[in-house]
Amino acid sequence: MADRPASPRSGAPSPSASSSKSNRDPSLYLDEHGDLPFYFLDAAEPQLQDKGGSREGAKVVLFGKVPSPQKEGQFDSCSVVVKGFYRHCYFHKARQEVRQEDGSIVYGDYVSDDEAEKEIEACLLRLGVREVMMKPVKKNYPFSFMIDKSKEGQQISREGEYMKVLYPSAYPSLSKRELKGRTFTHVFQESQSMLELLILGKKIRGPGWLKIRAPTAPAFAKTWCKTEFELTLNDPEMEGDEEEQNVLWMNPQPESPPVTVMSLAVRAVPQPKTGVNEVLMISAVVQKNFSIDGPSKDANKNMSSFTIVRNAPNSSCNFPFGFKEELEKAKKMGHNVTDAASERTLLSLFLAKMHIIDPDFIIGHSFLGFTCGVLMARMDEAKVANMSKLGRLKGLQIEWKKRNKSTNSKSHFVEKLVMTGRLVCDTYTSATELVREKNYSLSTLCHSLLKVERPEVSPSEYSKFFAESSTILRLCNLTEGDALLQLRLASQLMAIPLTKQLTNLAGSLWSRSLSGARAERIDYLLLHEFHNRSYVLPGKPSRDMRAGDSGDGEGEVELMGGGAAGGATATRQGRRKAQYSGGLVLEPKKGLYDTFVLLLDFNSLYPSIIREFNICFTTMDRPKQEKPEGEFAYDLPRDTSLDSMGVLPRMLKMLVEKRQAVKSALKSESDKSSLKAQQLEIRQKALKIMANSMYGCLGFVGSRFYAQPLAEMITMKGREILQQTIDLAEKKMNLDVVYGDTDSIFVDSRSHDISEAKKLGNELKSEVNKLHRDLVIEIDGIFSKILLLKKKKYAAVVYEEGPSGPVLSYELKGIDMVRRDWCQLSREVSKTVVDTLLSKEISKEEVIISIRTTLMEVAETLRTPGKVPLSGLAITKSLTKHPQEYGDKNSQPHVMVAMRKLQRNEPVAVGEQMEYVICKGEGSLAEKAFSPSEVKEQGLEPDIEYYLENQIHPPVARLCASIEGLEEAQLAEALGLDTKKFSSTVDSRAGAFGGQELSDTKPLLQQFDDVEPLTLRCVLCKTCVAFPGVYPFQRKRWSQATAEEESEDESARKQEHALRCSNPACPSHQRGEDGAVPNGSPTKPAASAEAFPVGYLRALVGKKIADFKQRYASGYLLVEEEKGTVKMRRVPLSLKYTPELRVVEEYTSSALYRQLLYYRSLFDVKLAEHMSDDANKERQVNGKHKLELQPLPPSVAISMSSVVRYVSAQLEHSAFQQINLSSLFDTTVM
RNA sequence: GAGCGCAGCGU
DNA sequence: ATTACTATCGACGCTGCGCTC
Ligand SMILES: [Mg+2]
Ligand SMILES: [Mg+2]
């Protein structure tokens, strides 16, 4: 930037000129006026130990970087200890009570300054504050729109009169409870920290260049920084003079200095007996030119690394013979490995390195949650000196007895304390905030973000690595690799530049921003703004800023002290009940749409509402009238003109406009991957985050600016605007709104024409936008197909026009397959089902076939032991608290698994993803849940039926809920589940078959309506014969009776078997009466005389069965082929099977089953006898003659039974109901 | 069916 | 209601599972 000073020290003596002085001379850092250019990174207000009775004033330590006097362009770490603070508080003056004649009291003017001053002075004196400065001031009050029920008649108005009170910080801050008086009603900022006072007073807005006026050298260093200064603040002049400020924010800002980051990876091994982690190895990767504004240039050039590994004699991790030599060799190869004789040596060495390298940033994966704690515990145990070198604040005393409580302390308080002065970027924490993953282990993140497979080594394997020198070095390599991966991960996530931008925008502390204090960022943004506008600032959560909230009459709970606010009862982990209503969600018009559906969405709805309606602390009025309990009493600000803009709208306007500027700058950037472009991208993102999180903080009980009425007003307007938009679309434009959620509507264009749909969308868009000034709705997407399932649950095909035709992609919201609490298998099956449902141009029948086939295949695979890997069955659930803290631990699978893990002395972290597999066995679900490792070790068997019934069926059923022909029962049938659980309005035929026993020789004959009849072809004369069954009378009895007349053979009294050629001239008839029987002809081989030999029958039936199976299975194969190639383009099944399209389409599993059963029945002699009984009963009723079944020749009987056995074998393997449909896919034919 | 609890999607 | 230890977390809307009554 052109307007930037080239260097923060412009005008300073050049380094060479002062080279004669000692390197340590701090004055070298000062410019010609004796001022210090200081890049502020972070600050802390260390708590002071009380030394007897004498109190020291508060100290605030600023940590940062200063230009190195020795080397141009380099920077040294520096701290500035600021002293001489005065506490600032504001006493709001009371109004005089005037007694009326009727005895009532009215409140008049403010009490006089003298009166107030006297009382306040006395009050402070009573609290031990002897040096006080006081002055009447006018201040504004941010919560003037709320009614303070505890202070009837003494409401604070927007502008009011206060006494400003200042006293040295050596005196303690005042307790609100002790501050009661006649002349004042409220006290503000009495507990403000000096750090906050400094930041607000000096307008320090996050990391940036400051000019420190005339700092001095300290008598002794309080920090481990390379150089240190001390600054005593001027005595507070009541009127702050800009020239007298001793800390100034530089304007314009020179370029930020690069920082040094150190990524740490530690291998700790738990002691078998105690479970205490001991440090085995520490690796660090250091990068010196790390840019805090964006990606770093030449990152690799400025990287170095080291590893320290320790010997552990008398344990499994001792150095093998000759390790020293190997180590020396490795060192010569450039591998920076140091050995240490003991853990203590290792830790000391490490601290020394830390001190020399003096990193500004520490990067680690779960650094605060694990690594740092382990290091500290071991340093304490081994009595390693100067543990505080981990951070930069010297001589910290940490009370260890307190922290040995339990491992589940989530605040990492001590760790943060020790790290003071070095910023910590925890890749775990950052990732949980910046990306959504199924879990946040280093390996997973490397895989998904860096596309790198990280080799995992568990502590139990360390001893193996210590068997040989080479493998120890390999472990060192891996550890160093981890450190490098963490560094890359942090860079990839842009965690450091992004939090820096956020901190700059908010004017908060970087260390707090890094540890994810989101609400605090908004607090600081508003604190700065309100401070600058001369408002008294709200303190820690307490009710007096907004005592007696309008809606619920909670009076003066706060005075009782203990009463926890916000209803946060005890150890309640689950989310508490909502305090006010939020967004409007429409009931979707459920179903599958194949017309274009438009998604219109308001840009940043809530921030826009704040601007549109000028909603702010400063613009809202007190409710004019009492409203009944629970009703919202506030009115909208009447004035929404731009000149009366409130603070919040103004800030949002600023954020939005800045973002627009950044985005347009980004647009003009030709190379989107350039450093500049990426910096802009980060800035843009930070601006968006800030704008969007403002609303959330208004409703946050713990926020400094907690203002539920504002939050409530915003959501209320949100609901109104969405409803208004819907009405416009439906009533005025006669459109079909099929769904909407908070800030969006989904409109069915009822058209297959994209341009028509777009036109419609644009019309609606412009109509809506006409209604608003700041609110903007936009077409957020066009779906060529959408399956609306439930509120917040849908699957859609996004239609976009690319340079070469339409580009399709999925949008999947809320459905089970996007959630991590279903096993992978379930998600995969759902995926296939969604693929089918959303595929293009596929008939309803094809969809049904395809999904049924998928399910049958899944069931078959699952029921085949070992076909599905355990990982596919693992169900994942997070531990949201320590296992012990769960109420009924015994009924929750993930908790049970965690408890057992604890029992085995394995660490269990809060937030960890517990994997479990449901196994066969007795008891409740939780008792059948085991971790994958337990399953393997104990040889347990997964409960396949559980998975089919509870993991596959419900999600698929939900997806198919609106698809006719794929009701729950059909899906259950396809999965081979008990269909009785589902209402039997569904497939009655399937139901009928479901109850059928295979051994039953009396099937329901009408069920063979749709089977293909069996045609035999005489092997001798090639005549084709439709095979009626064992006897001719059976011909018309397989399906519903037809009106057709009986043929001669069917009604013949003497029923001869039907296994004979119909051609009278056939040679088969030449041989004896029965034809089929080779009755011992001497001239011809017996077999050749048969029309239908048994071998032929079996082959024919076998072939037919195989054909049907193939026909059935081919549907599946086609789907499978599809999956591998084009996700969205499914070739319809009919394309491949045009000649037999109908057959294929209708060829379901039950059809196949019936076909097989039919074949068997045709040859079933016993069945024939049953059927003749039935037939004779009917004939008797109708007065027809009785049929007499003629005995079968032995050979025919053998043929018949042979075929029956053959078909039965195939049927038995393929139990269609409740057993196993899978062998239908067995393509081998006997 | 209600209650409780758990999970974590959605805006 | 914390910036020294009980942790501390932006809001609300919605579905789905398991257990007990
Ligand atoms: Mg939006
Ligand atoms: Mg939206």
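The chains referred to below are lettered A, B, ... by the order of the sequence lines, with proteins before strands, and numbering in each begins at 1. Treat the numbers as computed from the prediction; the structure is a model and nothing was measured.
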Do other residues, nucleotides or ligands put more than 12 heavy atoms under 6.0 Å from Lys438(A) NZ? no

For Arg518(A) and dA11(C), what is the distance between atoms CZ and P respectively, to the nearest whole Å? 11 Å

Does any part of the side chain of Arg820(A), heavy atoms only, come nearer than 4.5 Å to the side chain of Gln913(A), both counted from C-beta? yes

Between OH of Tyr706(A) and P of dG10(C) the distance, given in whole Å, is 15 Å

Take atom CZ of Arg521(A) and atom C1' of dT8(C), then tell me their distance rounded to the nearest Å. 15 Å

Would you say a side-chain N or O of Tyr946(A) is under 4.0 Å from OP1 or OP2 of dC17(C)? no

Options dC5(C), dG16(C), C6(B), nucleotide nearest the side-chain atoms of Val414(A): dC5(C)

Distance in angstrom units between Glu927(A) CD and dC19(C) P, rounded: 9 Å

Measure from CZ on Arg827(A) to P on dG16(C) and round the result to the nearest Å. 17 Å

Considering only U11(B), dG16(C), dC9(C), which nucleotide approaches the side chain of Phe700(A) most closely? dC9(C)

Whole-Å gap separating P (dC14(C)) and NZ (Lys813(A)): 17 Å

Between U11(B) atom C1' and Asp743(A) atom CG, what is the distance in whole Å? 6 Å

Determine whether the aromatic ring centres of Tyr794(A) and Phe746(A) lie less than 6.0 Å apart. yes

For nucleotides dT8(C) and dT2(C), find the distance between their C1' atoms and express it as a whole number of Å. 8 Å

Among side-chain atoms of Asp816(A) and Ser830(A), is any donor-acceptor pair under 3.5 angstrom? no

What I want to check is whether an N or O donor and acceptor connect the side chain of Arg575(A) with the base of G8(B) at under 3.5 Å. yes

Map Ala578(A) and Asn692(A) onto DNA chain C by nearest heavy atom, then report which one ends up closer to the 5' terminus. Asn692(A)

Are Lys791(A) and C9(B) close enough that a side-chain N or O sits under 4.0 Å from OP1 or OP2? no

d(CD, Gln47(A); P, dA4(C)) in whole Å: 6 Å

Candidate list Ile745(A), Asp780(A), Thr742(A), Thr725(A), test side chain to side chain contact (heavy atoms under 4.5 Å, CB included), partner Phe602(A), passing option: Thr725(A)

Determine the Euclidean distance between corresponding P atoms of dC9(C) and dT3(C); express it in Å to zero decimal places. 11 Å

Can you find a donor-acceptor N/O pair under 3.5 angstrom joining the side chain of Arg719(A) to the base of dG13(C)? no

